[in-house]
Amino acid sequence: MNRWVVVVPAVLVACAAFVAAARPAMIFEDLRSASSLGIDPSTRAVGMGGAGTAVFWGDVDPWANPALLGGVRGVGYEHDHGDLAGIDLRAGRFVAGGDGVGFATSGRPVHGLGEQRIELHGDIGGTPFSAFERVRAWSVGASLAGVCRAWAQRTGGEPPAFTRHFDVALGYGQNAVDEGTTFGGSSATSGPAVVHDLGVLARTGWDAGRLGARRLRVDGAAGFSSHNVTNAGLQDPFSTRVVPAVRQTRGGIAVRGALAAPVAADDKRAWLVASLQPVVALGLAYDPVWNEAGVSTPTQTANEWGAELAVMNVAFARVGLATSEGTSQSTWGLGAALPLGPYGRAGYEHAHSTGDLPDQTRDRWSAWLDPVAIWHAWR
């Protein structure tokens with residue numbers, strides 16, 4: 001019997017058992033959440049109107065969908081800084097992955113490895129005040145096709161045929177949030193409160209032909225994620241009032257067409273040419289978002305649309321539109337990267353949104369390395 005007939009169903013059953021076992025514990029546990037959990041730290045997503053739940057290429061967004069981490073390869077650090085209408089946002093995250101499994105941490109379980117923090121400073125009647133909310137999180141994602149390919153490589157076999165055209169990934173995230181307020185000479189804190197996220201991603205792709213000497217590849221994905229699975233509130237640090245929590249459910253579809261040039265194996269510049277592929281790529285994404293605040297039936301409150309044009313993995317341009325309950329925000333973003341062949345890259349991104357709500361700006365610096373590729377080259 002082909003061993004994949006046994007391995008593939010076993011992996012699927014194990015993943016299903018994990019989700020089934022985890023969800024009841026989340027539902028019945030008395031956990032809390034805060035408003036900062038609803039802020040996506042990704043500068044790239046802001047430039048694309050907020051869409052990111054199924055955006056599987058480039059620097060993925062585990063906040064939108066932790067299942068996206070299944071496609072990560074290498075080790076990276078990302079730092080985002082934003083101005084949210086006078087509120088200062090800073091977010092740092094370490095990401096690592098390979099062989100179909102990815103992990104991201106923002107200060108949890110190790111506090112020194114980043115965090116997401118928003119701060120507000122001002123005065124009321126001449127008395128200064130400040131407030132903050134801090135989120136420390138970790139998340140993990142696993143890709144079935146990635147795990148199968150890695151297993152085949154290590155055992156000297158051939159990966160199953162479905163891995164060439166189809167993949168499914170699962171993800172889980174845990175977020176701990178605390179908050180504090182200072183008014184005059186008084187201060188108070190609350191937390192940490194812990195909430196959980198779940199995500200799933202299905203992906204397919206195929207070679208769509210050639211345009212001259214270049215190969216056209218088309219990939220598509222559909223994603224789903226649930227944020228703040230337990231719907232309880234975080235207590236106001238200055239009173240017994242419980243801050244209402246919002247459970248957010250996100251859907252997402254994305255499609256990307258990429259045009260790549262052939263790379264000759266005996267070309268001394270092959271590593272550089274490969275890092276500049278695809279020559280051009282266009283990605284489109286749409287996320288419907290539902291919020292549930294103390295009601296049994298979630299209501300759709302937002303539609304997020306985005307597009308990204310990438311040229312040789314060096315220059316990026318993004319536009320987007322987000323509509324929500326009678327308001328709309330138009331967004332745009334730019335990015336630049338320095339690819340270092342298969343060994344890593346460094347990049348900078350900027351995004352801006354404007355419309356019926358206060359304007360936002362966002363910036364990101366990121367750096368990535370692939371230790372496996374570096375090790376093979378060194379040997």
Side-chain angles (χ1 to χ4, degrees), residues 42-61 64-65 68-74 76 78 95 97 102 143 145-146 164-167 169 201-223 252-263 269-287 304-321 331-351 364 366 368 370 373:
S42 171
T43 297
R44 179 196 193 187
V46 170
M48 295 179 66
T53 305
V55 178
F56 53 87
W57 61 88
D59 294 342
V60 298
D61 184 3
N65 187 352
L68 292 165
L69 289 168
V72 169
R73 183 177 179 88
E78 304 165 346
V95 184
S143 154
R164 294 196 297 269
H165 302 288
F166 179 75
D167 185 24
L201 181 77
R203 181 178 166 187
T204 186
W206 62 94
D207 291 330
R210 291 184 175 274
L211 293 178
R214 294 178 173 84
R215 176 175 56 88
L216 177 62
R217 171 80 180 182
V218 178
D219 292 273
I253 56 174
V255 62
R256 185 182 191 236
L259 199 61
V263 180
R269 302 171 301 167
W271 67 273
L272 177 60
V273 176
S275 68
L276 300 177
Q277 303 299 318
V279 177
V280 63
L282 176 64
L284 305 173
Y286 165 62
D287 281 16
E304 300 171 346
W305 307 82
E308 178 187 78
L309 177 66
V311 179
M312 301 181 73
N313 277 335
V314 173
F316 306 86
R318 305 172 182 116
V319 294
L321 176 67
T331 70
W332 59 268
L334 297 172
L338 174 63
L340 303 174
Y343 313 117
R345 66 184 184 278
Y348 168 75
E349 300 173 27
H350 175 79
R364 165 182 284 189
S366 63
W368 281 84
D370 189 337

Original post:
How far apart are the C-alpha atoms of N65 and V55, what are their side-chain angles, what is the distance that settles it, and do they pass the side chain to side chain contact (heavy atoms under 4.5 Å, CB included) test?
Top reply: CA-CA 9 Å; N65 187 352; V55 178; over 6 Å; no
On a heavy-atom basis, which atom in [X] and which in [Y] lie closest, and how many Å separate them?
| X | Y | result |
| --- | --- | --- |
| G47 | A351 | N-CB, 3.6 Å |
| D61 | L68 | O-CD1, 3.6 Å |
| R256 | P278 | NH2-CG, 4.0 Å |
| G50 | D287 | O-OD2, 4.1 Å |
| T331 | L321 | OG1-N, 4.3 Å |
| A54 | A254 | O-CB, 3.4 Å |

Reported [atom1]-to-[atom2] distance for the pair [X] and [Y], which is rounded to 0.5 angstrom:
| X | Y | atom1 | atom2 | answer |
| --- | --- | --- | --- | --- |
| S42 | E349 | OG | CD | 7.0 Å |
| F56 | L201 | CZ | CG | 8.5 Å |
| Y348 | T43 | OH | OG1 | 8.5 Å |
| R364 | H350 | CZ | NE2 | 14.0 Å |

Original post:
Crowded around R214 CZ? As in, over 12 foreign heavy atoms under 6.0 Å?
Top reply: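 12 or below, so no.
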**OP:** List in chain and number order the residues that pass side-chain contact (heavy atoms from CB on, under 4.5 Å) with A373, two or more places apart in sequence or in another chain; answer none if no residue qualifies.
**Re:**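 A373: side-chain contact (heavy atoms from CB on, under 4.5 Å) contacts with P342, Y343, D370.
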Subject >> Minimum side-chain heavy-atom gap L340-S275 below 4.5 Å >> reply: no
Original post:
For N313 and R345, what are the C-alpha separation, side-chain angles and deciding distance, and is it a side chain to side chain contact (heavy atoms under 4.5 Å, CB included)?
Top reply: CA-CA 10 Å; N313 277 335; R345 66 184 184 278; over 6 Å; no
Subject >> side-chain contact (heavy atoms from CB on, under 4.5 Å), paired with Y286, selected from I253, V255, T53 >> reply: I253
Subject >> Heavy-atom donor-acceptor pair, S366 side chain to E78 backbone, under 3.5 Å >> reply: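 No: the side chain of S366 does not pair with the backbone of E78.
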**OP:** For the pair D167 (side chain) and A145 (backbone), establish whether a donor and an acceptor sit closer than 3.5 Å, ignoring hydrogens and angles.
**Re:**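 Checking the backbone N and O of A145 against the side chain of D167, a donor-acceptor pair under 3.5 Å is found.
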Result block: side-chain N/O donor-acceptor pairs under 3.5 angstrom for residues 202-209, not counting sequence neighbours:
from : atom 1 : to   : atom 2 : distance (Å)
T204 : OG1    : H165 : O      : 2.7
D207 : OD1    : R215 : NH1    : 3.0

**OP:** With sequence neighbours excluded, tell me which residues meet ring pair (Phe, Tyr, Trp, His ring centres under 6.0 Å) with W57.
**Re:**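 Not a single residue meets the ring pair (Phe, Tyr, Trp, His ring centres under 6.0 Å) criterion with W57.
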